[in-house]
Structures are given as structure tokens and as C-alpha cells.
Amino acid sequence: MSHSNRSSQTRERTRPERTDSANERTAEQSEEAVCPECAGDVIVDERRGERVCEDCGVVVAEDQVDHGPEWRSFTSQEKRQRSRVGAPVTETLHDRGLSSVIGKGYTDAKGQPLSSETREKMSRLRTWDERFRTRNASQRNLKQAFGEIDRMASALGLPKNVRETASVIYRRAVEEELLPGRSIEAMATAALYAAARQAGTPRTLDEFEPVSRVERQEFARGYRYLARELGLAVEPADPASYLPRFASDLDLPDDAQRRAHELLESGKARGVHSGKSPAGVAAAAIYAGSVLVDEKVTQRRVAEVANVSEVTIRNRYQELLAADRATGSA
DNA sequence: ATGGTTTTTACTGCGTC
DNA sequence: GACGCGGTAAAAACCAT
């Protein structure tokens, strides 16, 4: 394929995709509804107009947009996008969106006209080539994202339902075309982070840092973006939800944890936690609790397991104690 | 970009074991 | 003397505007 042909090929490539996927959908609907991934039953989500596997959550219907490179080179949005294709995204597409397509030529390599038979054959080949390509592109994206979510979830000890929520969030993001220009990795991490918080088993951004393949900043930004665009109703994490984990990491007895919880309650009543990092407040409560029940652990160790600085613990725990005294005497 | 808030880093002095 | 703790100042990170 010569270089001068490229732009016309790009157009060629994009337009047939639409009709292809439409054809496929109608074809598939009459077929038996069984998930290709796990052979589970496929259910229809009317509201979203998509078909999803009951068991593994895989989207079966191919009514999704192909998020391959150059997908929105015609829209005005492209101009606002700082980069059309984020590096990680391109890297994960095996062909980087640059592979050649079967063109619509009517002559052979020597310029001789093709027989109608051959032309038809090529046309069929082209159709299948396109199907294969687009189907794989979106499947691959989802699969990779889900794989990442799974991997990180188990690394962080997050339960299955959190992974599922994360998958749903991620798929929504894909549907709403929030992904272009962002890396799959970052968004997968962001989705999992959001899911963990929604499920009440939050992990701090710092905890995600080592298990994610992208920088903290990137998925943090991705998360904010997701939360805003998807209208995710994510409450600020409750410090109390960190207590059990911190306590167990520190081998603290139950009463220390209970005491910490009480401190949090009175602190919350006085608004000590508002605007402060929940993990910091929780860490301070744990520390204070351990002191109060005479099972003292050092600030240093609490700081380690909670991933906050000792200074933060000091500040918060003074405030917590003050709030506790005020509530106690009031 | 900017400014306000929170957190972190780095450094200090004090007390205890 | 090392260690835990408390405090402070300045830098960095975060967030909304």
C-alpha cells in the first residue's frame, strides 16, 4: 500500500465498520444467546440496550463503538483533545492502528482488471477482515481492562463484587466514550478505585500506586474525570472503614479498635474529619485508641500501615482527643 | 494560571529507656 | 545514644476557581 493512499483508506476503513457491526447485531440477535467467554446465559439490558453475560459480565452485543485510533478524526472534539491517541492505548493495539486494509481496487497488481469472480472474493475477504479487526479491537480493550482490574483487585485483596462493579463502571465509561485519549490502564485503575469506595472497602490512592501500571497522578485524574462525567455517587470515604484493616495490620486487640471507633464517632460529630484525608483521620484514631487501651503502637508504625505521615497523625489525633474531651464533658 | 487548604518533608528539642 | 514524640517551617500536592 502506497503512502498516498492512506487517507482514503482511513475513510474506507471507518465507514464499512458501522454497517458491519449493525449487520452483526441483527444476525446475532436471532442466534442462540450464549456467552462466548464462559458459555453462561446472556441477558438483555433493556435500559442500556446491550446484551451482557449473566455470569462474567462480558458484553456480547457488538453495538459498541470501535475505539481504535482515529475514530473521531472528523469531530470538532478532536481539536480539544490534547492528544488523539494516548501512548499506552496505541501500544496495546497490536497494529497501532496503522495496519493496512484490503482496498477496493478493481485491478490486480499489474493493473489488469479482475474477473468478477475474483472481485467478489476480495469483497468477501474485505468484509471478514474488517469484522475481525473491529471486533478484536473493542474486545481486546475490554478484555485487557478487565484483566487489569482483576489483577489489581486480587493484589489489593478486594472482593469479587468490587471487581464486578469496577467492570460495570469501566464499561459505562467506554459506552459514553470517555476513554479516547486516556490509557486503558489508568481508567481501569480509576474504575476499580471508584468501585472499592462505593463498596465501602476503600483503598487509598497510595495503595493503588504500586499495583497499577500507571502513575498515581494519571489514574487519580482519571478517577476524578470518571466521577464527574459518570455522576458517580461516591461519598467521601468513611475513616471508620479503614479501621479494621489498620488494626489487623498492626495486630491490635479489638478493644483498641473499638476505642478508635468511638473517637471517630465523637470526632465526626464535631466535624473534625471534614476536608481531611480519611486515612489520616483513621490512622490517628487507631493510634489514639492504642494509647488509650495501653497497647501502644508507635506513630511510625501506624504511619506505615496507613500510608500517611507521622505529622498528620499527630495533628489529627490531637484534634480527635480534643473533640472527644469536648463531647465527653458536654 | 491562581490561591487556599492539606499533607509531607526535614529538622529541631525534649524526655525516657 | 537511640528512640519516640511534639512542634515548626517550607515544599509539595491537591482542589476549586
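Each chain gets a letter, A, B and so on, in the order its sequence line appears, and its residues count up from 1. Here the structure is a predicted model, which is why all the values come from computation and not from measurement.
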A/I313 CD1 to B/dT9 C1', straight-line distance once rounded to whole Å: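 In whole Å, B/dT9 C1' lies 15 Å from A/I313 CD1.
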Value in whole Å for how far the C1' atom of B/dT9 lies from CG of A/N307: 15 Å
Neighbours of DNA chain B within residues 235-250 of chain A, by heavy-atom distance under 4.0 Å: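 Under 4.0 Å from DNA chain B: no residue of residues 235-250 of chain A.
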A/Y225 side chain to A/R221 side chain, donor-acceptor N/O pair below 3.5 angstrom: no
Under 3.5 Å side-chain donor-acceptor pair for A/T204 and A/N307: no
Intermediate values then yes/no, side-chain contact (heavy atoms from CB on, under 4.5 Å), A/R203 and A/M152: CA-CA 11 Å; A/R203 296 291 181 274; A/M152 292 186 288; over 6 Å; no
Heavy-atom side-chain proximity of A/E185 to A/E215 below 4.5 angstrom: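 SC-SC contact between A/E185 and A/E215 ruled out.
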Distances for protein N or O near nucleotides 12-16 of chain C N or O, under 3.5 Å:
unit_1: C/dC14; atom_1: OP1; unit_2: A/R216; atom_2: NE; d: 2.8
unit_1: C/dC14; atom_1: OP1; unit_2: A/R216; atom_2: NH2; d: 3.0
unit_1: C/dC15; atom_1: OP2; unit_2: A/R224; atom_2: NH1; d: 2.4

Side-chain donor-acceptor distances from residues 252-260 of chain A under 3.5 Å, at least two apart:
unit_1: A/R259; atom_1: NH1; unit_2: A/E262; atom_2: OE1; d: 3.0

Donor-acceptor under 3.5 Å (A/R172 side chain, A/L230 main chain):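 Confirmed, A/R172 side chain pairs with A/L230 backbone.
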Polar pairs (N or O, both sides) under 3.5 Å between protein and nucleotides 12-14 of chain B?
none

Results of ring-ring contact (aromatic ring centres under 6.0 Å, His included) for A/Y170 - residues two or more places apart only: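 For A/Y170, no residue satisfies ring-ring contact (aromatic ring centres under 6.0 Å, His included) once neighbours in sequence are set aside.
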Residue list, salt bridge (Lys or Arg N to Asp or Glu O under 4.0 Å) with A/E209, at least two apart or on another chain: none
Distance below 4.0 Å between A/S309 side-chain N/O and B/dT9 OP1 or OP2: no
Sugar-phosphate, base or nothing in reach of A/G275, heavy atoms under 4.0 Å: sugar-phosphate
Only counting residues at least two apart or in another chain, list the ones meeting side chain to side chain donor-acceptor pair (under 3.5 Å) with [X].
X      : answer
A/T118 : A/S115
A/R316 : A/E319
A/S123 : none

Per-nucleotide protein contact string for nucleotides 5-11 of chain C, where B marks a base within reach and S marks sugar-phosphate only (heavy atoms under 4.0 Å, - for neither): SBBB---
Residue pairs involving residues 240-253 of chain A (criterion side-chain hydrogen bond (donor to acceptor under 3.5 Å, both in side chains); sequence neighbours excluded):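 Sorted result for residues 240-253 of chain A: A/E207-A/R245.
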side-chain hydrogen bond (donor to acceptor under 3.5 Å, both in side chains) contacts touching residues 274-284 of chain A (sequence neighbours left out):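 Of all non-adjacent pairs touching residues 274-284 of chain A, none passes side-chain hydrogen bond (donor to acceptor under 3.5 Å, both in side chains).
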